[in-house]
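All remarks here apply to the structure that follows.
Every heavy atom of this structure was used, including side-chain atoms; hydrogens, water molecules and symmetry mates were not.
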Amino acid sequence: MKNILALQHLDILIDVVELGTFSAAAEKAQLSQPAVSQQIRQLERYFGARLLERCGRKVRPTDVGRLVVQGAYRIRDELEAVQEAVQPFRTGSAGRVRIGTGATACIYLLPPILGELSRRTPELECTVHTGNSPDIQRLLEENALDLGLVTLPAAGRSLETTPLFTEDLMAISPETEAPEGPVTAEMLSARPLVLYEDAGHTRQLIDRWFQESGLTAKPVMELGSVEAIKEMVAAGLGWSILPASSVTRARSRGLAVVPLVPRLTRSLGLMIRRDKRLTAGLRQVIGALEKGLRG
């Protein structure tokens, strides 16, 4: 019996590689695990080579498997392009754009931009995935995201980055401990610090700022949530450094917000695959972000 390549089999292969297990791919596709295994075997018979191998509890693609997955992504992109071209004749839909960004940008920068875009183009669907910049970069390289808004510097051979937005990082303290003037690294190091977790670029910028003054940041708490950091500081449990967008007057109740000396800034940039086809929806999202963040 002649082997037949089915698009569903390629989708299953992508799911197994992205999720790392047959069981997770089966759950996503609402299939049994044996059914998923059978489809992978059919693909392997079609290509005449093993596509997946086990590494501990996870499944990883072989060298041949990586080539097939890359091709599967390209096929899926082309099908999405055809669907996008056909969609206006059916429902007027402008398609879907998958955005990756950090939690801070997601909370404080994206809502008004995406809200306005939704009002202007209600048929455009935007989904947002939050994570640290290295995670966003990896998902972009895997084509699991269409566009990233990441803290700079960030680079990848297959990715293109455009600087977009720069903001100050500010010292924050309990309102009752408000300093009279700008805050130095020496002043902060003498107090309990509540800082970002150390996995992201913004924390790396903060650590480097301390190091340039010959000091090392030694936080008593490391949290992944800006709002949690603000609550801890407002409760008198320490001081912190946060992006200015997260501590505007309306968002800094119980806090004193003071500039740093020397000044510390962070920049955000748009990151996209160099070979990414710019659909109409993706161009609309890029335009909205450029307008909203460049002001």
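- Minimum interatomic distance between Ile229 and Ser240 (heavy atoms only, all atoms of both residues): CG2-OG, 3.4 Å.
- Between the side chain of Ser133 and the backbone N or O of Val150, no donor-acceptor pair lies under 3.5 Å.
- Using a 4.0 Å cut-off between a side-chain N of Lys or Arg and a carboxylate O of Asp or Glu, Arg74 and Asp77 do not qualify as a salt bridge.
- Here the side chains of Leu268 and Leu109 are in contact, with some heavy-atom distance below 4.5 Å.
- At least one donor-acceptor pair under 3.5 Å links the side chain of Thr62 to the backbone N or O of Arg50.
- In this structure a side-chain-to-backbone donor-acceptor pair under 3.5 Å is missing from Arg96 to Glu125.
- Evaluated for a side chain to side chain contact (heavy atoms under 4.5 Å, CB included) with Thr202, the options Leu169, Thr104, Leu242, Asp207 yield exactly one hit, Leu169.
- In this structure, Tyr46 and His9 have side chains that are not in contact, with every pair of non-hydrogen atoms separated by 4.5 Å or more.
- Put simply, the side chain of Ser118 never gets that close to the backbone of Leu114: no donor and acceptor are under 3.5 Å apart.
- Taking a 6.0 Å sphere around CD of Glu27, one finds it holds 12 or fewer heavy atoms contributed by other residues, nucleotides or ligands.
- One finds no salt bridge joining Glu141 and Arg273 here, because no Lys/Arg side-chain nitrogen approaches an Asp/Glu carboxylate oxygen to under 4.0 Å.
- When all heavy atoms of Trp209 and Pro262 are compared, the closest pair comes out as NE1-O, 2.8 Å.
- Residues Ile12 and Ala29 approach most closely at CD1-CB, 3.7 Å, considering heavy atoms.
- Taking every heavy atom of both residues into account, Leu260 and Ala171 meet most closely at CD2-CB, 3.6 Å.
- Across Val128 and Cys106, no two heavy atoms sit closer than the pair CG1-SG, 4.0 Å.
- Using a cut-off of 4.0 Å between Lys/Arg side-chain N and Asp/Glu carboxylate O, Glu227 and Lys230 are scored as salt-bridged.
- Judged by distance alone, the side chain of Arg98 and the main-chain N or O of Asn143 form a donor-acceptor pair under 3.5 Å.
- Other residues, nucleotides and ligands contribute more than 12 heavy atoms inside 6.0 Å of the CZ atom of Arg274.
- Using modelled atom types, no side-chain atom of Arg54 and backbone atom of Gly56 make a donor-acceptor pair closer than 3.5 Å.
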